[in-house]
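Can you keep this structure in mind? I'll have questions shortly.
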Amino acid sequence: MTLKLYNTLTRKKEVFEPQDASNVRMYVCGPTVYDYAHIGNARPVIVFDVLFRLLRHLYGEDHVTYARNITDVDDKIIARAADEDRAISDLTEETTRQFHDDIRALGVLMPEDVNTPGATPSFIEPKATEHIPQMIAMIECLIASGHAYEAEGHVLFDVTSKDDYGKLARRSLDEMEAGARVEVAPYKKGQMDFVLWKPSLAKQPGWESPWGRGRPGWHIECSAMSEAHLGESFDIHGGGIDLLFPHHENEVAQSECAHGGKPFARYWLHNGFLQVEGEKMSKSLGNFVTVRELLDKGWPGEVIRFAMLKTHYRQPINWTQKGLMDAALELQTFANWTSDEDDEPTSDEPASSIVAALSDDLNTPLAVAELHKLVKTFSPGHSDEVKQKGIEQLRNSLRLIGLGELDGYDANKIASTITYGRDGPQIDEARVGQLIAERTAARKTKDFKKSDEIRDQLAEMGIALKDGPDGTTWEVAR
RNA sequence: GGCCACGUGGCGGAGUGGUGACGCAGCGGACUGCAAAUCCGUUUACCCCGGUUCGAGUCCGGGCGUGGCCUCCA
């Protein structure tokens, strides 16, 4: 199966050819830990989790290395900790824990899920604060090679020292300088030069360095951590499109200059942006949707994940309540088939149509369409053998996109929880049971007038009935 | 202001030079006492204006709209 990926570097869909098929390496920019992850933060985590799963499927579980960092030193963190009058490590550790809880609920693979104790880990979650020496070493190397300079306690990268600076974001220095709107710090040689290291006040977190006590600039951590865990040159670098400039451009500049011009990441993947109910998600509009809020409200992680994957990763998403509900109902179609398992699986192979869809630049919406088509191949009137094989393929295919845990899934219950809250409406279950018994009795004597009256009465109480072969069941109407 | 994306049926959302993806909703049918659920079938589309082509949602140019980056925010 050929994997094709859209490479931001070339702005084309390309056939993916790893440097070393026995060790495919991917780096993704992770969160800055100072607050709950919002739905926009969750997107790259989910998208690249699917890619990680696909790579493991295509190249073998032992032949993929994935690094997704935690940024735990940053001015936003410093400011938040100061606001809340708490220790920085306290804030970053708690936020990291919350982040892990959230994404685990979204069905995202965690290092402990894939790493074997004692073996080389295939999933690393490096922290910036644990790589300060590597950052300092890289900065020293950049100074020594004439790409960086020290000024007033800062170390800055000289963008004019790299001929092809701007190649990833496709901007020229002239354009950027013409379009710049900010005042330039007086110690900068060029207005686009960016900080590699900056001095820290006594109160701020800092590390001793050749340039005094200070802390790293924003971009250097990813260059240092990817080098430490994936090497100077690796296959895939992922992140949100918003990071393209300046963050990723500057990573390229730092790494390639520190590595004697050796190419940095070979394939750059960027996920699209997200809006909420048609508006930009912003603090000023007060429409930030955190993963935690959605989970607390009663949206299962699988629904959030599925809603995300229904849109191609490069497209913008308009995140809406209706979209979530649609996703919840659609997921029921698959859960209907996968929930009851009795037979031992004979294979863990997903359907080739789903692998093919994912292999075409991670086309998850097409993969979902293929899942529906797969269900149609076995749903009604087929032999048990065909059905069994189909269900197995469906289950394996869902697992490939991280939706393998649908046992007990109940869209109606979800809808009811969302509508009425976790405690639900006040329902007198004994009374409901009594009415249903009365109705059943009426139906037995073919007194359908009375039977329908009772059903109407229950409907007014917010109860919907289902008459099945094994009797009548009820649920909260939505 | 500069640079970059995106704009598909009532809604969501793939595709991207030549047979109407797929899902929801709607409509018709099966099932059901009637419904619900489930299953089967099915109507509706490519922002606007030019151009290229035998043929354009699909390529090119212009316009409009939305969004992103350039500046802390993903």
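Please read all numbers here as calculations on a predicted model, not as lab measurements.
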Which whole-number value in Å describes the distance from A:Asp410 CG to B:rU38 P? 12 Å
Integer-rounded Å distance: B:rG12 P and A:Gln275 CD: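 Atom CD in A:Gln275 sits about 12 Å away from atom P in B:rG12.
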Is the ring pair A:Trp268/A:His237 parallel, tilted or perpendicular, if the boundaries are 30 and 60 degrees? parallel
Watson-Crick or G-U wobble partner for B:rU42, using a 3.5 Å limit on both distances?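 Checking every strand shown, B:rU42 finds its partner in B:rG26, with both distances under 3.5 Å.
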For a quick check, with a 4.0 angstrom heavy-atom cut-off, what is the B/S/- contact string for nucleotides 17-27 of chain B, read 5' to 3'? ----BSS----
Complementary nucleotide of B:rG1, counting Watson-Crick and G-U pairs under 3.5 Å: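 Because both required distances fall under 3.5 Å, B:rG1 counts as paired with B:rC70.
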Classify A:His38 by what it touches in the nucleic acid, base, sugar-phosphate, or nothing, heavy-atom distance under 4.0 Å. base
Tell me if a side-chain donor or acceptor on A:Tyr36 pairs with a main-chain N or O of A:Val289 at a distance below 3.5 Å. no
Under a 3.5 Å limit on both distances, the Watson-Crick or wobble mate of B:rG50 is B:rC60
Both distances below 3.5 Å, Watson-Crick or wobble geometry, any strand: find the nucleotide opposite B:rA14.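 B:rA14 is paired with nothing.
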If we take the C1' atom in both B:rG20 and B:rC39, what is their distance in whole Å? 23 Å
Could you give the CG-to-C1' distance, from A:Leu243 to B:rC69, as a whole number of Å?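 Taking CG of A:Leu243 and C1' of B:rC69, I get 11 Å after rounding.
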Quote, to the nearest angstrom, the C1' distance that separates B:rG62 from B:rC22. 34 Å
With a cut-off of under 6.0 Å to the ring centre and 45° to the axis, is A:Arg68 in cation-pi contact with A:Phe48?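 No; the conditions do not both hold, so A:Arg68 does not lie above the ring face of A:Phe48.
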Would you classify A:Leu274 as touching base, sugar-phosphate or nothing, given that sugar-phosphate means primed atoms plus P, OP1 and OP2, and contacts are heavy atoms under 4.0 Å? base
Between B:rC3 (P) and A:Leu173 (CG): distance, integer Å: 15 Å
Say you pick atom C1' in B:rA56 and the same atom in B:rU52; how far apart are they, in whole Å?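 Roughly 10 Å separates the two C1' atoms.
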Salt-bridge present (A:Asp90, A:Arg86; N to O < 4.0 Å): yes
For a quick check of understanding: with a heavy-atom distance under 4.0 Å over all strands, which category does A:Tyr34 fall into, base, sugar-phosphate or nothing? sugar-phosphate
Could you measure between the two P atoms, the one in B:rC60 and the one in B:rG28, and give it in whole Å? 44 Å
Between B:rG7 and B:rU43, how far apart are the C1' atoms? Round to whole Å, please.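 So the two C1' atoms sit 24 Å from each other.
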Residue met sooner reading RNA chain B from 5', once A:Ala169 and A:Asn318 are mapped to nucleotides: A:Ala169
Between the base of B:rC69 and the side chain of A:Arg171, is there any donor-acceptor pair under 3.5 Å?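 Under the 3.5 Å cut-off, the side chain and the base do form a donor-acceptor pair.
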Would you please indicate if the ring centroids of A:Tyr187 and A:His154 are separated by under 6.0 Å? yes
Can you see if the side chain of A:Asn363 gets near the phosphate of B:rG15 - specifically, an N or O under 4.0 Å from OP1 or OP2?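 It does, given that an N or O in the side chain of A:Asn363 lies less than 4.0 Å from OP1 or OP2 of B:rG15.
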Heavy atoms under 4.0 Å, any strand shown: does A:Pro44 hit a base, just sugar-phosphate, or nothing?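 Result for A:Pro44 = nothing.
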Rounded to whole angstroms, how far apart are CD on A:Glu249 and P on B:rC3?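 Roughly 17 Å, once rounded to whole Å.
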What interatomic distance, in whole Å, is found between C1' of B:rG15 and the corresponding atom of B:rC31? 36 Å
Stepwise, does the side-chain contact (heavy atoms from CB on, under 4.5 Å) test hold for A:Leu51 with A:Met26? CA-CA 9 Å; A:Leu51 182 55; A:Met26 171 164 79; 3.6 Å; yes
Verify, without hydrogens or angle tests, whether A:Asn318 (side chain) and A:Gly278 (backbone) share a donor-acceptor contact under 3.5 angstrom.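 The answer is yes, because a donor-acceptor pair under 3.5 Å joins these two groups.
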Determine the Euclidean distance between corresponding C1' atoms of B:rC4 and B:rG41; express it in Å to zero decimal places. 45 Å
Whether the side chain of A:Thr311 engages the backbone of A:Met308 through a donor-acceptor N/O pair (distance < 3.5 Å, no angle test) should be reported.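 No, because the side chain of A:Thr311 does not come within donor-acceptor range (under 3.5 Å) of the backbone of A:Met308.
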Would you find a donor on one side and an acceptor on the other, under 3.5 Å apart, between the side chain of A:Ser255 and the backbone of A:Val252? no
Partner nucleotide, any strand, of B:rC6 [Watson-Crick/G-U, under 3.5 Å]: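 Check on B:rC6: paired to B:rG65, both distances under 3.5 Å.
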Return yes if some donor-acceptor pair links the side-chain N/O of A:Glu249 with the main-chain N/O of A:Gly166 below 3.5 Å, else return no. yes
Given that A:Lys13 and A:Phe245 both sit by RNA chain B, which one's nearest nucleotide is further toward the 5' end? A:Lys13
Distance in angstrom units between A:Leu244 CG and B:rA5 C1', rounded: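 Those two atoms, CG and C1', are 11 Å apart.
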Could you identify the nucleotide paired to B:rG55, looking across every strand shown and requiring Watson-Crick or G-U wobble geometry with both distances under 3.5 Å?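 Pairing partner: none.
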Taking NZ, NE, NH1 and NH2 as the nitrogens, is one of them in A:Arg97 or A:Asp102 under 4.0 Å from a carboxylate oxygen of the other? no
Would you call A:Arg443 and A:Asp447 a salt bridge, taking side-chain N to carboxylate O under 4.0 Å as the test?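 No salt bridge links A:Arg443 with A:Asp447.
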Distance between the C1' atoms of B:rA14 and B:rC72, in whole angstroms?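 Their C1' atoms lie roughly 36 Å apart.
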N/O contacts under 3.5 Å, protein versus nucleotides 31-35 of chain B?
| from | atom 1 | to | atom 2 | distance (Å) |
| --- | --- | --- | --- | --- |
| B:rG33 | O6 | A:Arg439 | NH2 | 3.4 |
| B:rG33 | O6 | A:Arg443 | NE | 3.3 |
| B:rG33 | O6 | A:Ser451 | OG | 3.2 |
| B:rG33 | N1 | A:Asp452 | OD1 | 2.9 |
| B:rG33 | N2 | A:Asp452 | OD1 | 3.3 |
| B:rG33 | N2 | A:Asp452 | OD2 | 2.6 |
| B:rC34 | O2 | A:Arg455 | NH2 | 2.3 |
| B:rC34 | N3 | A:Arg455 | NH1 | 3.0 |
| B:rC34 | N3 | A:Arg455 | NH2 | 3.2 |
| B:rC34 | N4 | A:Asp467 | OD2 | 3.1 |
| B:rA35 | N6 | A:Asp467 | O | 3.3 |
| B:rA35 | N1 | A:Asp467 | N | 3.2 |
| B:rA35 | N1 | A:Asp467 | OD2 | 3.4 |
| B:rA35 | N3 | A:Arg455 | NH1 | 3.1 |

Measure CD/A:Gln315 against P/B:rU66 and give the value in whole Å, please.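 In whole Å, B:rU66 P lies 18 Å from A:Gln315 CD.
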Calculate the interatomic distance between A:Asp74 atom CG and B:rC73 atom C1'; express it in whole Å. 11 Å
